Amino acid sequence: MDEAAAIGGPAEQSVREEVRAWLDANWNPERSLIEWRALLAETGWGCPTWPPEWYGRGLSPALGDVVAEEFRRVGAVGIAQGGGTMLAAVTLLDHASDEQKRRLLRPIITGEDTWCQLFSEPGSGSDLAGLTTRADRDGDEWVVNGQKVWTTSAHHARYGLLLARTDWGVPKHGGITYFLIEMQQPGVVVRPLRQMNGHASFNEVFFTDARVSTANILGGLGNGWAVALTTLAHERRLADGIRAMVRSAGGTGRIFDEYRAELVSAMEPYRWYPQRAGRPDLVVERAKATGRSSDPAVRQEMAKLLVMVRAAEWTARRAKEGRARGRTPGPEGSLGKLAASNVARAAARVHTLISRTDAMLSGSDGALGGVIAEVLLSVPAVSIAGGTDEIQRNIIGERVLGLPKEPAEDVGKAFRDVRKNVAS
Ligand SMILES: Cc1cc2nc3c(=O)[nH]c(=O)nc-3n(C[C@H](O)[C@H](O)[C@H](O)COP(=O)(O)OP(=O)(O)OC[C@H]3O[C@@H](n4cnc5c(N)ncnc54)[C@H](O)[C@@H]3O)c2cc1C
């Protein structure tokens, strides 16, 4: 379908009328959260862009936005957010067998199962394909040994998206397999890490003879790198989904009570995510409230920041429209990621100019109840999570500017013969 024609046209009108009528007949804040989300799964209104045979309605992203707008209009709660939907489900939809989809997708939608992403290791973050966590076959099972780190939500996840090395005799990208591992088992130990902003979203995860069934290999043995690329492609959208979820938690009724309880348990690791984006949305209001809006130096920096924000929004919109028209994603991903880092850093600087030394006070008596201090302590995460700024520049250099590739000494060599970042 031509997306441009659909929006504002008869397709949009018909989807809008259909979802409105359905919400009028079914949305009831006194239902239980799980029961409501089960209904969303059955009818496809919770994930309208997913295929009709897998809990969706096969709508285009633009028409999916129309459905989301109607949900917002009546204040209806959506499907569970977080690593389950934004990372696991999208990867399962592309690579899982029908048996895996039947078993795993529905509890992700309802929020009964939460997931974490077991990719980074102490010796492999940017060099993800250099990972050394191993999985060795034992009958119908695989035995996992090694360590992961920076694993958001591992402390409550039921499943982990695990990259492990299953073949040491081939070049590094070819020997990796993607597993769906049960986290609640004796061979998995999760230890929380506390960040400088006071939150403890991440964990170290240790595997000692942990077990995972062959039925939980995703996308085939040795094909883990291709599957991982799907997960990574969706990682940046995670933060947007989280922000939308926090915004819609204000209603009254049983469903909202349960929803808020979910926000302080399963969603707790993401509570500071709005602050890590730098909160440029607060800048003008803060400058006025503190009387700093008449200072020419502050005004100058605010204007520069807001120009950057607008340019980043337009680039993101261009990328979204391109995707809606079926265009393969181009360099906008890396450009957008870098722009987000630049905006977050600039916003933190402007907040400091506005709040001056008060910006350093954390806690409820700090500037804006401590939110400004949390911004300053959280923005460095944007330049690291989902691929660092330097890695984005490498991608832009190689794929957009056509610069020579980074020299690599491991190309074509069996992984066991390659120098590692850690002893193995
Ligand atoms: C908020 C947040 C959430 C996260 N959640 C998860 C999660 O749930 N699961 C998970 O698996 N991981 C997670 N991570 C980890 C994240 O993916 C890694 O931190 C990231 O990929 C960088 O890896 P590293 O920390 O090992 O840094 P390194 O790769 O060791 O990099 C160190 C420095 O060297 C630079 N560098 C490295 N290689 C190059 C190069 N080739 N060229 C130029 N410079 C280079 C980097 O840019 C960086 O400045 C999370 C991180 C953050 C901040």
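In each ligand, atom 1 is the first atom listed, and ligand 1 is the first ligand listed. On a predicted model such as this, the values are computed, not experimentally measured, just so you know.
For atom 35 (C) of ligand 1, the nearest protein heavy atom lies 4.0 Å or farther away. Distance check for atom 28 (P) of ligand 1: a protein heavy atom is found below 4.0 Å. Note that atom 12 (N) of ligand 1 has protein non-hydrogen atoms nearby, at separations under 4.0 angstrom. Counting only heavy atoms, the protein gets under 4.0 Å from atom 7 (C) of ligand 1.
Contact annotation for I391 and ligand 1: only side-chain heavy atoms (C-beta onward) come within less than 4.0 Å of the ligand. Contact annotation: for E406 versus ligand 1, heavy atoms closer than 4.0 Å belong to the side chain alone. Contact annotation for T152 and ligand 1: heavy atoms of both the backbone and the side chain come within less than 4.0 Å of the ligand.
No more than 12 heavy atoms of other residues, nucleotides or ligands lie within 6.0 Å of CG in D140, so this atom counts as exposed by the packing criterion.
Ligand 1 has a nitrogen or oxygen under 3.5 angstrom from a nitrogen or oxygen of T388. Checked against a 3.5 angstrom limit, the closest N/O atoms of W272 and ligand 1 fall outside it. Checked against a 3.5 angstrom limit, the closest N/O atoms of N394 and ligand 1 fall inside it. Between G387 and ligand 1, a contact under 3.5 Å exists for no N or O pair.
The nearest non-hydrogen atom to atom 23 (O) of ligand 1, considering only G125, G397, S201, S383, comes from G125. In this structure, of A385, C116, S126, S120, the residue bringing a heavy atom nearest to atom 15 (C) of ligand 1 is S120. If you check each of F119, Y270, W150, W115 against atom 50 (C) of ligand 1, the one with the closest non-hydrogen atom is W150. Across K148, E121, H199, E390, heavy-atom proximity to atom 44 (N) of ligand 1 is greatest for E390.
For H351 against L282, the heavy-atom pair with the smallest separation is CE1-CB, 3.9 Å. Nearest heavy-atom pair, A287 versus M302, reported as atom, atom and distance to 0.1 Å: CB-SD, 3.5 Å. When every heavy atom of T110 is checked against every heavy atom of A80, the shortest pair comes out as C-CB, 4.2 Å. N145 and D209 make their closest contact through OD1-N, 2.8 Å (heavy atoms, listed as atom of the first residue, atom of the second, distance).
Scanning the protein for heavy atoms near atom 2 (C) of ligand 1, the closest one is F202 CE2, 3.2 Å. The nearest protein atom to atom 20 (C) of ligand 1, hydrogens excluded, is given as I384 O, 3.7 Å; this is a heavy-atom distance.
In this structure, a donor-acceptor pair under 3.5 Å is absent between the side chains of Q100 and H95. A donor atom on one side chain and an acceptor atom on the other are not found under 3.5 Å apart for Q117 and T231. A side-chain donor-acceptor contact under 3.5 Å links S201 and Q195.
The existence of a salt bridge linking K304 and E301 is confirmed by a sub-4.0 Å separation between a basic side-chain nitrogen and an acidic carboxylate oxygen.
A heavy-atom distance below 4.5 Å is found between the side chains of V77 and W27.
W142 pairs in a side chain to side chain donor-acceptor pair (under 3.5 Å) with only one of the listed residues (T166, T214, T177), which is T214.
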